[in-house]
Amino acid sequence: MYAKIHDLLCDRKGDVAFTCFGGWHIGYILLFFAIFTVIFLATHKKSAAIKDKTVNTLINIAFGLYILDFFMMPFAYEMIDIEKLPFHICTTMCVMCFLSRRVGFLKKDRIHLALLGFISNLVYLIYPAGVMWYAVDPLCYRVVQTLVFHGTMTVYGLLAVIYDEEGLHFKTCYRDLIVLIFMTLWAMLGNTLYNGTAGSYSHFHNWFFVVQDPFGIFDPKLLPYIMPFLNIAVFFAVEMAVYAVYTALTKRKGRETSEM
């Protein structure tokens with residue numbers, strides 16, 4: 001049985017390979033744009049209860065895909081890849097978004113977690129370098145699982161922000177900064193614990209890019225001191241841009257409603 005499942009899920013290479021911004025990649029992006037559009041058009045005029053149920057269903061699917069992957073990796077890759085532990089921003093936000101809709105003290109931060117989940121997963125959906133490096137068949141497990149997970153999280157995050165009853169307000173944006181600080185500290189903990197060599201184990205992780213610059217711009221000696229603060233600054237700046245767009249659209253919608 002193991003051999004049959006492994007043959008089905010393992011990395012396959014053939015005449016066509018998944019490449020960033022290639023036809024298959026663009027197809028995956030368009031697919032999730034279409035899924036978001038269909039869900040939004042079907043629910044945006046529905047009751048708050050239906051909207052909440054829709055958003056809950058999406059995060060349940062994303063969390064289920066994440067947990068299921070740990071059981072499927074031994075078949076696909078002949079090991080469990082600890083890179084998939086929840087120390088990257090995409091996977092951490094999946095877990096935190098799932099908990100934020102169930103744990104009382106996290107509910108006040110669920111829109112801030114959803115926003116960060118949307119941004120981080122959208123970035124990966126647009127530039128899935130971790131999949132591109134393997135140059136495998138566009139329909140093999142590695143590609144499908146990774147892009148479906150990030151695509152689902154992207155759709156969840158956007159709808160969760162749009163449908164949240166409290167909405168985004170600049171007066172509460174400090175909570176986004178708090179989430180980013182905790183995310184950075186959490187990633188630093190993961191990198192500290194799992195990086196190194198002992199016996200047959202030797203591995204280097206760069207969870208949330210707090211150890212190494214993925215673009216090779218800065219002096220490597222300075223990276224441990226630069227990257228944590230740079231990540232916080234960049235993500236917070238992007239979130240503030242989303243806040244500005246959200247506020248402008250909300251004001252426009254308010255004016256149109258008052259004129260009717």
Side-chain angles (χ1 to χ4, degrees), residues 36 39-40 43 46-72 80 82-125 145-146 148-194 205 207-208 210 228 231-232 235-236 238-240 242-243 246:
F36 163 78
I39 294 175
F40 178 74
T43 59
K46 301 294 184 180
S47 65
I50 291 177
K51 292 177 181 178
D52 193 58
K53 185 177 181 179
T54 300
V55 172
N56 278 333
T57 300
L58 285 167
I59 192 58
N60 289 346
I61 293 172
F63 186 73
L65 289 170
Y66 177 61
I67 297 300
L68 180 63
D69 190 35
F70 284 95
F71 292 89
M72 303 305 289
I80 294 178
I82 63 173
E83 183 73 18
K84 291 290 189 76
L85 290 175
F87 290 107
H88 260 315
I89 188 168
C90 297
T91 51
T92 301
M93 287 304 106
C94 174
V95 175
M96 294 306 297
C97 286
F98 179 80
L99 293 176
S100 71
R101 307 192 73 83
R102 288 159 177 82
V103 179
F105 74 92
L106 288 174
K107 287 186 177 180
K108 64 180 180 297
D109 289 316
R110 67 183 185 180
I111 190 171
H112 307 288
L113 293 165
L115 175 59
L116 189 54
F118 162 67
I119 292 171
S120 59
N121 282 277
L122 177 62
V123 169
Y124 193 92
L125 186 63
Q145 192 282 333
T146 304
V148 169
F149 168 77
H150 287 86
T152 304
M153 278 298 299
T154 300
V155 175
Y156 159 77
L158 185 54
L159 285 174
V161 170
I162 293 173
Y163 288 159
D164 191 89
E165 294 180 354
E166 294 185 7
L168 295 174
H169 304 282
F170 280 106
K171 65 181 180 181
T172 60
C173 71
Y174 69 92
R175 304 204 68 86
D176 297 276
L177 188 59
I178 293 173
V179 170
L180 281 168
I181 292 172
F182 273 100
M183 177 66 239
T184 301
L185 294 174
W186 177 245
M188 291 173 68
L189 174 64
N191 288 312
T192 300
L193 290 175
Y194 287 92
H205 299 281
W207 281 307
F208 196 35
V210 296
N231 278 347
I232 292 173
F235 273 96
F236 189 67
V238 174
E239 289 185 320
M240 291 305 96
V242 175
Y243 267 72
Y246 181 94

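The first residue in the sequence is number 1, and the count goes up from there. The figures here come from the full heavy-atom set of this structure, side chains too, leaving out hydrogens, waters and symmetry mates.
Atom CG of residue Leu116 and atom CD1 of residue Ile111 lie 12.5 Å apart, to the nearest 0.5 angstrom. The CZ atom of Arg101 lies 12.0 Å from the CG atom of Leu106; values are rounded to the nearest 0.5 Å. Considering CG of Leu125 and OG1 of Thr152, their distance stands at 9.5 Å, rounded to 0.5 Å.
Shortest non-hydrogen contact noted between Ala48 and Glu165 is CB-OE2, 3.9 Å. Here the shortest heavy-atom pairing between Cys173 and Met240 reads CB-CE, 3.5 Å. Heavy atoms only, all atoms of each residue included: Tyr243 and His169 are closest at CE2-O, 3.3 Å. In terms of heavy atoms, Ile82 sits closest to His205 at CD1-NE2, 3.4 Å.
A heavy-atom distance below 4.5 Å is found between the side chains of Met188 and Pro228. Residues Ile232 and Leu177 are in side-chain contact: their nearest non-hydrogen atoms beyond the backbone lie under 4.5 Å apart. Between Leu68 and Gln145, every side-chain heavy-atom pair lies at or beyond the 4.5 Å cut-off. Lys108 places a side-chain heavy atom less than 4.5 Å from the side chain of Arg175. Between Glu239 and Leu180, the closest side-chain pair of non-hydrogen atoms falls below 4.5 Å. Residues Phe70 and Leu85 form a side-chain contact, since some pair of their non-hydrogen atoms from C-beta on lies under 4.5 Å apart. For the pair Thr54 and Tyr163, the minimum side-chain heavy-atom distance is 4.5 Å or more. In this structure, the side chains of Leu158 and Phe40 stay at 4.5 Å or more apart for every pair of heavy atoms.
When the shell of 6.0 Å around NZ of Lys53 is examined, it contains 12 or fewer heavy atoms from other residues, nucleotides or ligands. Counted within 6.0 Å of CZ on Phe170, heavy atoms from surrounding residues, nucleotides or ligands total more than 12; the atom is thus considered enclosed.
A donor-acceptor contact closer than 3.5 angstrom is absent between the side chains of Asn121 and Tyr156.
In this structure, the side chain of Ser100 engages the main chain of Cys97 through a donor-acceptor pair within 3.5 Å. In this structure a side-chain-to-backbone donor-acceptor pair under 3.5 Å is present from Asn191 to Ala187.
Using a 30° and 60° split on the angle between ring planes, Trp207 and Phe87 fall in the tilted class, from 30° to 60°.
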Stepwise side chain to side chain contact (heavy atoms under 4.5 Å, CB included) test for Ile162 and Phe36: CA-CA 12 Å; Ile162 293 173; Phe36 163 78; 4.0 Å; yes

